[in-house]
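One-based numbering, in listed order, for ligands and for the atoms of each. Side chains included, hydrogens not; waters and symmetry mates left out as well; all remaining heavy atoms used.
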Amino acid sequence: RRDIDVFKLSKEISYALRHAPWEYELELDEEGWVSLEQLLQTLRLDQRWESVNEQDIHNMMEAADKQRFEVAEGKIRALYGHSVPRKIVKQAETPPPVVYHGTARRFAAQILKEGLRPMGRQYVHLSADKETAMLVGKRRDAAPVLLKVDAETARNEGIMFYPGNHTIWLADFIPPKYISIE
Ligand code: HQG
């Protein structure tokens with residue numbers, strides 16, 4: 001059996017479950033779940049993954065720096081990051097009073113003016129801690145801007161927040177009045 005590269009596997013499964021399930025003949029349910037067995041079967045059609053099994057999925061999740069997926073009752077879903085046309089249904093919950101968003105310097109002025117938009121994804125991605133937000137921003141800029149979101153006021157004024165994983169929070173849109181530079 002050839003060794004599975006769990007990092008490449010994570011990238012492929014992220015792509016399948018967040019962006020293009022139809023390329024794998026998968027259909028997400030409204031909360032983003034698919035059958036784990038169906039996912040494994042479709043992956044095995046690719047010779048890189050011909051021997052992939054459920055244990056590999058667990059190894060992949062253990063080895064990851066972030067909690068990207070959830071497995072339960074024979075199903076798997078991506079916890080955040082989706083761009084599929086049908087919006088994944090999330091249950092609103094109370095966020096921490098302050099959440100953060102790391103972004104590139106070149107985007108900061110526009111965000112402060114018009115708010116945080118989901119752009120290519122379904123939801124705006126926020127972080128409960130500054131470190132995570134900075135890492136997110138560093139994907140786009142070596143010296144990212146750390147934005148602070150007054151989630152407590154936003155929530156009290158009707159903005160909904162949804163849990164992604166234990167550090168990531170999602171929102172539909174964050175108006176500029178709740179955003180400041182940290
Ligand atoms: C920016 C990764 C101009 C926003 C990460 C960001 C995260 C605006 C970019 C997760 C804007 C969108 C998501 C506005 C937002 N004007 N720019 N009004 N509003 N932006 O990748 O939050 O490793 O879709 O600041 O770690 O960077 O894949 O969102 O720079 O958790 O698991 O538009 O994806 O997780 O970029 O990252 P993205 P994100 P994984």
Apply the side chain to side chain donor-acceptor pair (under 3.5 Å) test between Tyr24 and each candidate in Glu12, Gln41, Gln38; give the one that qualifies. Glu12
Test item: Gln122 side-chain N/O and Arg86 main-chain N/O as donor-acceptor pair under 3.5 Å: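 Present.
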Is it true that a side-chain atom of Ser14 and a backbone atom of Ser10 form a donor plus acceptor pair closer than 3.5 Å?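 It does hold such a pair.
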Any nitrogen or oxygen of Gly120 lying under 3.5 Å from a nitrogen or oxygen in ligand 1? Just yes or no.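 Checking ligand 1 against Gly120, no N or O pair falls under 3.5 Å apart.
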Quick one: pull up CH2 in Trp49 and CG in Leu9 and give me the separation to the nearest 0.5 Å.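 Output value for this atom pair is 4.5 Å.
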Would you mind checking which non-hydrogen protein atom is closest to atom 34 (O) of ligand 1, with the distance to 0.1 Å?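 The closest one turns out to be Arg121 NH2, 3.5 Å.
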Return the closest protein heavy atom for atom 11 (C) of ligand 1 as residue, atom name and distance.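 Nearest protein contact, heavy atoms only, for atom 11 (C) of ligand 1 is Ile111 CG1, 3.4 Å.
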At a 4.0 Å threshold, what atoms of ligand 1 neighbour a non-hydrogen atom of [X]?
| X | result |
| --- | --- |
| Glu114 | 14 (C), 16 (N), 18 (N) |
| Gln110 | 3 (C), 16 (N) |
| Tyr80 | 31 (O), 32 (O), 35 (O), 40 (P) |
| Phe107 | 1 (C), 17 (N), 30 (O) |
| Thr103 | 4 (C), 25 (O), 30 (O) |
| Ile168 | 31 (O) |

Among [options], which residue places a heavy atom closest to [atom]?
| atom | options | answer |
| --- | --- | --- |
| atom 4 (C) of ligand 1 | Arg139, Met119, His101, Arg140 | His101 |
| atom 32 (O) of ligand 1 | Arg18, Lys138, Lys11, Lys66 | Arg18 |
| atom 10 (C) of ligand 1 | His125, Gln122, Arg117 | His125 |

Identify which one of Leu79, Leu17, Ile57 satisfies the side chain to side chain contact (heavy atoms under 4.5 Å, CB included) criterion when paired with Phe69.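 Checked Leu79, Leu17, Ile57 against Phe69; only one passes side chain to side chain contact (heavy atoms under 4.5 Å, CB included): Leu17.
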Does Arg44 come within less than 4.0 Å of Glu37, counting only side-chain N to carboxylate O? yes
Under a 3.5 Å cutoff, is there a donor and acceptor pairing between the side chains of Gln55 and Asn59?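 Side-chain D/A pair, Gln55 to Asn59: present.
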Residues, nucleotides or ligands: over 12 heavy atoms within 6.0 Å of Lys148 NZ: no
